[in-house]
Amino acid sequence: AVCRAVAEPELLLLSSWARLRPPCLLLAPADTAAAEGAAAYCPSPRPRRGAAPARPAGEPGEPHVSWVMKLSPQQAPLYGDCVVTVLLAEEDKVEDDAIFYLIFSGSTLYHCTSTRKVSSDTLETIAPGHDCCETVKVLLCASREGLPVFVVAEEDFHFVQDEAYDAAQFLATSAGNQQALNFTRFLDRSGPPSRDVNSLDEKVALAFRHLKLPAEWNVLGTDHTLHDGGPRETLMHFAVRLGLLRLTWFLLQKPGGRGALSIHNEEGATPVSLALERGYHKLHQLLTEENAGEPDSWSSLSYEIPYGDCSVRHHRELDIYTLTSESESHREPHGDSCTGHISKLMNIQQQLMVRESFHF
């Protein structure tokens, strides 16, 4: 699930309407014990001047990093779930048995993500969902059996509110609002090109899922006097009209989602008849089969795993795990917290793998 940088026209239109409503190993000349530990993750380091050695993650004090990494992209939407690539210098090759984690340290939330090794100098992870627009510090931590966890690099990363998030907010607040929902029908006149439907669907579904919807939120709106079965437009009509499979699935799981399937709009169309009329066979199957499961396309997104008092997400396609917790008194990340979160995530990964092996 890769976030695209260019916004679709439909997102720009929705978001505009919504806004109208109020690394290489850099060793110091004198090798310290910490620097030697960091060097254990790279078989052929090239010493360079002017860099401080890495510090074991458990050692007190601010982490002193010794690698340089580049994150690509350097920002992600608030709902996350896009691939972030960690690029290291070509001349520095990491050992095969080294395991790397990224710590995203925000003002209120703290995310620890596993990574997958693409090559000897490239790692990948999944950007976590965040709670506010801000620049956070990202630490690259290395773990290897028999060695302490080392913080080896750091970089800034930006969480931003994009057009998909604006569109999701607009749609969520427009449930039951006929004026707003009738406006969305203008999108149908041009319709997104077929190649863009998947991207549009993915972004809006992710953004919608990330919103903290009120407990009383309903696909049909919170004004129960409108739930009289009269002809009207619904969010489900909008999702089906544009062929948004993921968003339709998301709405079906919410209160009022199933009820919306039998509601006719002013043209007499229901979401079910719209799907059939437009030849959206997968959508029609999703809406009409009693025990229809989640669409295959949903499996390319991360999902939450219930696990005690912490938030754990798993991206099945890349097998990336993310642990999210509240930041500790708005402090900068320090060694003990890095080691603690990494250890906790490693334990969770092991337990979940055991659980899945018993399941199969």
Side-chain angles (χ1 to χ4, degrees), residues 23-28 32-42 45-76 80 83-92 94 98-117 121-128 130 132-144 147-160 320 322-325 327-343 345:
C24 44
L25 188 62
L26 305 179
L27 294 179
T32 64
E36 291 172 355
Y41 298 98
C42 182
R46 295 189 177 185
R48 296 176 185 172
R49 295 181 180 179
R55 179 185 295 275
E59 189 173 321
E62 294 299 317
H64 292 279
V65 300
S66 61
W67 293 22
V68 174
M69 68 173 174
K70 179 181 179 182
L71 301 176
S72 180
Q74 295 177 316
Q75 67 177 35
V83 174
V84 176
T85 303
V86 181
L87 302 172
L88 307 175
E90 184 178 353
E91 64 265 27
D92 296 311
V94 297
I99 302 175
F100 293 88
Y101 295 85
L102 287 176
I103 302 292
F104 294 76
S105 181
S107 57
T108 57
L109 290 181
Y110 195 96
H111 314 280
C112 176
T113 72
S114 62
T115 66
R116 98 180 169 101
K117 197 173 297 181
D121 55 10
T122 305
L123 307 170
E124 281 184 343
T125 193
I126 296 295
H130 202 52
C132 63
C133 298
E134 64 175 345
T135 298
V136 304
K137 179 177 289 186
V138 179
L139 304 180
L140 177 63
C141 302
S143 172
R144 190 177 178 188
L147 292 173
V149 173
F150 275 81
V151 178
V152 297
E154 69 175 45
E155 183 59 277
D156 286 341
F157 191 77
H158 314 282
F159 285 101
V160 299
I320 300 293
T322 300
L323 172 68
T324 297
S325 59
S327 296
E328 301 174 0
S329 305
H330 307 285
R331 294 168 55 188
E332 289 290 324
H334 54 87
D336 290 336
S337 64
C338 292
T339 300
H341 283 81
I342 291 173
S343 297
L345 182 57

Looking at Val160, Asp156, Val84, Thr135, which one forms a side-chain contact (heavy atoms from CB on, under 4.5 Å) with Gln75? Val160
Distance check, rounded to the nearest 0.5 Å: Lys70 atom NZ versus Glu155 atom CD? 9.5 Å
With sequence neighbours excluded, tell me which residues meet side chain to side chain donor-acceptor pair (under 3.5 Å) with Thr125. Thr113
Evaluate Cys141 against Ile103 for side-chain contact (heavy atoms from CB on, under 4.5 Å), listing each step before the verdict. CA-CA 8 Å; Cys141 302; Ile103 302 292; 4.0 Å; yes
Name all residues meeting the salt bridge (charged side-chain N to carboxylate O under 4.0 Å, His left out) criterion together with Glu134; count only those two or more places apart in sequence or in a different chain, and write none if there are none. none
Could you walk me through whether Leu102 and Leu139 pass side-chain contact (heavy atoms from CB on, under 4.5 Å), step by step? CA-CA 6 Å; Leu102 287 176; Leu139 304 180; over 6 Å; no
Hey, could you give me the CD1/OG distance between Ile99 and Ser114, rounded to the nearest 0.5 Å? 10.0 Å
Would His111 and Val136 count as a side-chain contact (heavy atoms from CB on, under 4.5 Å) if you check the C-alpha gap in whole Å, the side-chain angles of each, and the deciding distance to 0.1 Å? CA-CA 10 Å; His111 314 280; Val136 304; over 6 Å; no
Work out which heavy atom in Phe157 is nearest to a heavy atom in Pro73; give both atom names and the distance. CE1-O, 3.3 Å
Anything under 30° is parallel, anything over 60° is perpendicular, the rest tilted; go ahead and classify Phe159 against His130. parallel
To the nearest 0.5 Å, what is the distance between CZ on Phe100 and CZ on Arg144? 9.5 Å
For Ser325, side-chain contact (heavy atoms from CB on, under 4.5 Å) partners two or more places apart: Tyr110, His341
Can you measure from CG (Leu345) to OG1 (Thr322) and round to the nearest 0.5 angstrom? 7.5 Å
Heavy-atom side-chain proximity of Met69 to Val138 below 4.5 angstrom: yes
Between Leu71 and Val86, does a side-chain contact (heavy atoms from CB on, under 4.5 Å) hold up when you go through it step by step? CA-CA 5 Å; Leu71 301 176; Val86 181; 3.8 Å; yes
Flag the pair Thr85 / Leu123 as yes when at least one side-chain heavy-atom distance between them is below 4.5 Å, and no otherwise. no
